[in-house]
Amino acid sequence: MDSTKLVRGATPFNGYTSHWQIFMKSRFLSKNKAVGVASITVVAPLDTIRTDLTVSSNGNLTVKYSMVEAQPEISSTCYNSKYKDPESMKFTMKFKNLSNPKEGHYSDVFTVGDCKWRVVIFPRGNNVDYLSMYFSVADPDDLPSGWTRCAQFSLSVVNQINKEETVRKDTQRHKFTKQHSDWGHKMFMPLGELNDPAKGYLVDDTCIIEAEAKIMPDDWTYDSRKETGYVGLKNQGATCYMNSLLQTLYHIPYFRKAVYHMPTTENDLASGSSIPLALQTLFYKLQYKKDSVGTKELTKSFGWNTHQSFMQHDVQELNRVLCEKLENKMKGTAVEGTIQHLFEGHHMNYIECINVDYKSTRKESFYDIQLDVKGCQDVYASFDKYVQVERLEGDNKYHADQHHGLQDAKKGVLFTDFPPVLQLQLKRYEYDVMRDTMVKINDRYEFPLQLDLDREDRKYLSPDSDISVRNLYTLQAVLVHSGGGHGGHYYAFIRPTVSEQCFKFNDEMVTKEDIKRVLEEQYGGEARYSNAYMLVYIRESNRDEIICNVEEKDIAEQLRIRLKKEQEEKELKKKEKAEAYLYTTIKVARDEDLFQQIGRDVYFDLVDYSKVRSFRVQKQMQFNQFKEEVFKEFGVPVQFQRFWLWDKKRHHIYGRYRPLTLQEESQSIWQVREVSNKVSVYGGWCLQDLKLFLEVEIGPESHPIPPPCYTPKQDILLFFKLYDAEKEEIRYAGRLIVDRNGTPFEILKKLNEMVGFSPDEELELYEESKFEPEQIDKNLTFAASRLMDGDIICFQKSASADRITQYRCPDVPSFLEDVSYRQFGEPFFLVIHQGETLDAVKLRIQEKLQAPDEEFAKWKFKSPSCPGQSEYVQDSDIVSSRFPRRYGHNYGPRDECIGLEHSDSSSKRSYAASKSLEIAG
């Protein structure tokens, strides 16, 4: 393990800073290794003890304590909430020998809360050209089943030349489990940046990593809606910048109402590319949903793929692009001009000659104002600088016109009007020419709760501006960036009603905050990497207009109906999930399913259980009671029903193990399922649902009759398929119960009668075994041929020499071989993220296969949820959860595979992904 052997920190007992215990790795004292100094700073609410430990060459340990001022941005307390943030702990570690070709490098174990953790880095990238870095549970295999912890953490790559250029990324609260024991950033920073010696991140083949973490109350126990009245937005991977902007726009009620009033149609819903409809849906859910809201529908309408959702863009850039799109979509509607009314202001660029009467002016509009941070103490200083007059004289004289020529002049900017909603973009970044990189300016920069832009005789406004408008603004929102010049985390502090109460919108989490504390912390300053990046002010004279009531009647009726229905369905699913332990699913296959599927959807085996009738029943229901439900559904009287347990058989197919006994039918559904699972475990796998085959015998008058006699160990239930070589078709023929000591020759007439052949037709019989059928000797007994309950026999007319040359697939073996070539293709590998759903993975699969949209829409995705059988995967399913367990155990490793079902893969086209921020439509 290539990492610094660190002292593991000073840990406070009982939360008091006056009692500490020092832990130390014994190998740090090894005489054969280098000695040195390690220090850990543990942040406490009021003050901090810094512990410096020095190890001399003879192994003596010197401990020095010193009090240091706590850094307020490290620990953020949720004021006015019953949940209080715990304290952060910070660890620094060195990763050496990063040129070593090994894949992952692990830090030493450290303790946060009652858990042991470590940092894992991939200095060559986890299948990407970026440094990949993860926060991980140290020993997940040693944890008990059901273990969970919720942690909030940040990871930093320290710049060893200039610490201000340290790259830091914060992560919202994440729930770690025994199964999902790591979380972090696949694309932390470009490898080109990391490996460039001039940048300072990798020095002497060593990288310094800082991890700051705290154990949080379980997110699932915190109800943002209940605690604050608001809900958050889910992070798709690196969309925190978008979430903070969307929350800011949502909390401008005039803007929200205008979005609701934008006309949309059902065609917009079908296309999935309507930005207005996606935004309406998002705003509706933020207004009425009980828990956090996803943004995938919105980013899909932008035309973004999964890769773009994992790339962090600029808030200001997104704001401008989104508003431009909405402005265009609003044209010709009742809400045309809303964007301009809310956000558009104007300024006048002027050049005025000093010695002659000549002045040049140019009026321009703006949606936001970019203010300098560097060299400015506060917002007013930035506005002063913005309108500062520049003198054009000497070699820099202004060429007025042909008549006046070169003249001394004054150049400047004055505002003609400000908008009702004033968006101030703070220039926190600048380009460092010497280092050829963007650097973040963390200087302290103050901004007031009330901003008076009429101050000092309206010095920011032009003389011809409207003096009847009072430009007094109140702060509504502060967008914050936490991190360095190469990335970080965004969140927002918003006062929805422009009152004293402030709320922090940090992705999914919404908490109440103290506005005075927010101001002080987000001013920035030395060694503070969290600071204001964008400010939103509301003009007092427009306050009642902008902060208006948005009621349900403002939302289009068809949108309300659709979203209410979606919400009701989700609530039902949530309820079903909560009550899932009370219920189980029974899937019942019948002859009708076999007739319908074989030769169409199914060639090998008998039935796709994902397409048969399912019954959701209480586990405690008696099976005989369930038979009444079957009667209601299928019309088959209870006395004529015989159920067979559906079990894994030889050759990786499903088979019918045996019929249920009268005693078993008198038991509960749960007991029957346990019997089924016991049967399955013997076969080496585990059933998810209770799968049954319903045997119904039809009499001469097409009415159900009692099933034929079946004697265990004496009789065998066989299923039959007929193959037609001329048509190259296979279909279900029927089933028979035969005496195991009889021979196939004895049932040939029954088979001919079953499919309408003449009684003396010569038949060839094959046992279906994977895609390699074995011909059956018609004179051997069924027992001698080792046929068992549930086996499948394919038969066909005997093939003559002429037929063999006449048909492409003259017999069952050649046909099934052809089917196997059509059904399966070459496998390929794809890296997926923990918790990633199929709809996200599909986009990357489409890119890999270079399949156009029209063709790719025909593909279906299947998961081998049980060996030998597969089920369709839905877009909302988490892909990793659909991988089957090996060996039939819940704790076994997963077979990480998924299947694609498509009839044709000939059409291909490649698409190049754009690296710039674009929104389609």
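The figures here come from the full heavy-atom set of this structure, side chains too, leaving out hydrogens, waters and symmetry mates. All of these numbers come straight from a predicted model, not from anything done at the bench. All residue numbers refer to positions in the sequence shown, counting from 1.
Side chains of Leu718 and Phe720 form a contact here, defined as non-hydrogen atoms less than 4.5 Å apart. At least one side-chain heavy atom of Ile792 sits under 4.5 Å from a side-chain heavy atom of Leu606. Side-chain contact check for Asn779 versus Thr743: every heavy-atom pair is 4.5 Å or farther apart. Using a 4.5 Å heavy-atom threshold, the side chains of Glu665 and Phe626 count as separate. At a threshold of 4.5 Å between non-hydrogen side-chain atoms, the residues Met754 and Leu736 count as touching.
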Open item on the list: Run Trp147 and Phe176 through ring-ring contact (aromatic ring centres under 6.0 Å, His included) and show every step you take.
Closed with: CA-CA 8 Å; Trp147 178 92; Phe176 292 84; 7.8 Å; no
Open item on the list: For Asp601 and Lys611: C-alpha separation, side-chain torsions, deciding distance, then whether salt bridge (charged side-chain N to carboxylate O under 4.0 Å, His left out) applies.
Closed with: CA-CA 10 Å; Asp601 302 325; Lys611 298 179 180 179; 3.1 Å; yes
- [ ] Begin with the C-alpha distance, continue with both residues' side-chain angles, and end with the deciding distance and a verdict on salt bridge (charged side-chain N to carboxylate O under 4.0 Å, His left out) for Lys632 and Glu629.
- [x] CA-CA 5 Å; Lys632 293 176 186 177; Glu629 297 296 318; 3.7 Å; yes
- [ ] I would like to know whether Glu762 and Lys797 meet salt bridge (charged side-chain N to carboxylate O under 4.0 Å, His left out); could you show each step before the answer?
- [x] CA-CA 6 Å; Glu762 287 289 324; Lys797 291 181 179 181; over 6 Å; no
Task: Full working for salt bridge (charged side-chain N to carboxylate O under 4.0 Å, His left out) between Lys778 and Glu764 - done: CA-CA 8 Å; Lys778 290 175 281 192; Glu764 293 178 2; over 6 Å; no
- [ ] Step by step, work out the side-chain hydrogen bond (donor to acceptor under 3.5 Å, both in side chains) result for Gln620 and Trp670.
- [x] CA-CA 6 Å; Gln620 298 306 317; Trp670 183 248; over 6 Å; no
Task: Check against side-chain hydrogen bond (donor to acceptor under 3.5 Å, both in side chains), Ser758 and Asp760 - done: CA-CA 6 Å; Ser758 64; Asp760 299 327; over 6 Å; no
Task: Evaluation steps, side-chain hydrogen bond (donor to acceptor under 3.5 Å, both in side chains), between Ser668 and Gln671 - done: CA-CA 5 Å; Ser668 69; Gln671 289 172 307; 3.2 Å; yes
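Side chain of Asn752 to backbone of Glu761: a donor-acceptor contact under 3.5 angstrom is found. Between the side chain of Tyr710 and the backbone N or O of Ile716 there is no donor-acceptor pair closer than 3.5 Å. When atom types are taken as modelled, the side chain of Thr711 and the backbone of Gln714 share no donor-acceptor pair closer than 3.5 angstrom. Using a distance-only test at 3.5 Å, with no hydrogens or angles considered, no donor-acceptor pair links the side chain of Arg673 to the main chain of Lys619. Put simply, the side chain of Lys721 gets close to the backbone of Tyr603: a donor and an acceptor are under 3.5 Å apart. In terms of modelled atom types and a separation under 3.5 Å, the side chain of Asp724 and the main chain of Glu726 share a donor-acceptor contact. The backbone N or O of Asp791 lies less than 3.5 Å from no partner atom in the side chain of Glu768, so there is not a single donor-acceptor pair. The backbone N or O of Asp811 lies less than 3.5 Å from a partner atom in the side chain of Ser814, making a donor-acceptor pair. No donor-acceptor pair closer than 3.5 Å links the side chain of Lys116 to the backbone N or O of Ala138. Here the side chain of Glu628 pairs no donor or acceptor atom with the backbone of Val638 at under 3.5 angstrom.
Distance CD/Glu774 to CD1/Ile793: 12.0 Å, rounded to 0.5 Å. Atom CZ of Arg731 is separated from atom CD of Gln596 by 15.0 Å, given to the nearest 0.5 angstrom. Separating the CG atom in Leu572 from the NZ atom in Lys577 is a distance of 14.0 Å, to the nearest 0.5 Å. In this structure, the separation between CZ on Phe795 and CD on Glu767 is 15.5 Å, given to the nearest 0.5 Å. To the nearest 0.5 Å, the span separating CZ on Arg642 from NZ on Lys627 amounts to 10.5 Å.
For the residue pair Asp591 / Tyr732, a side-chain donor-acceptor distance below 3.5 Å is found, with atom types taken as modelled.
Residue pairs that meet the ring pair (Phe, Tyr, Trp, His ring centres under 6.0 Å) test with at least one member in residues 745-769, sequence neighbours left out, do not exist here.
With respect to Lys178 and Asp141, no salt bridge is recorded, no charged nitrogen being found less than 4.0 Å from a carboxylate O. Salt-bridge formation is not detected for the pair Arg590/Glu695: no Lys NZ or Arg NE/NH1/NH2 atom is positioned less than 4.0 Å from an Asp or Glu carboxylate oxygen.
In this view, Lys564 and Glu552 satisfy the salt bridge (Lys or Arg N to Asp or Glu O under 4.0 Å) rule, not counting sequence neighbours. By the salt bridge (Lys or Arg N to Asp or Glu O under 4.0 Å) test, Asp715 is found to be paired with no residue, residues two or more places apart in sequence or in another chain being considered. Remark: Glu633 engages Arg613 in a salt bridge (Lys or Arg N to Asp or Glu O under 4.0 Å) (not counting sequence neighbours). With sequence neighbours excluded, the residues forming a side-chain contact (heavy atoms from CB on, under 4.5 Å) with Asp142 are Asp139, listed by chain and number. The side-chain contact (heavy atoms from CB on, under 4.5 Å) test applied to Arg225 returns Asp223, Val231, not counting sequence neighbours.
Between Leu717 and Asp789, the shortest heavy-atom contact is N-OD1, 2.7 Å.
Checked against the 6.0 Å centroid threshold, Phe693 and Phe643 do not count as a close aromatic pair.
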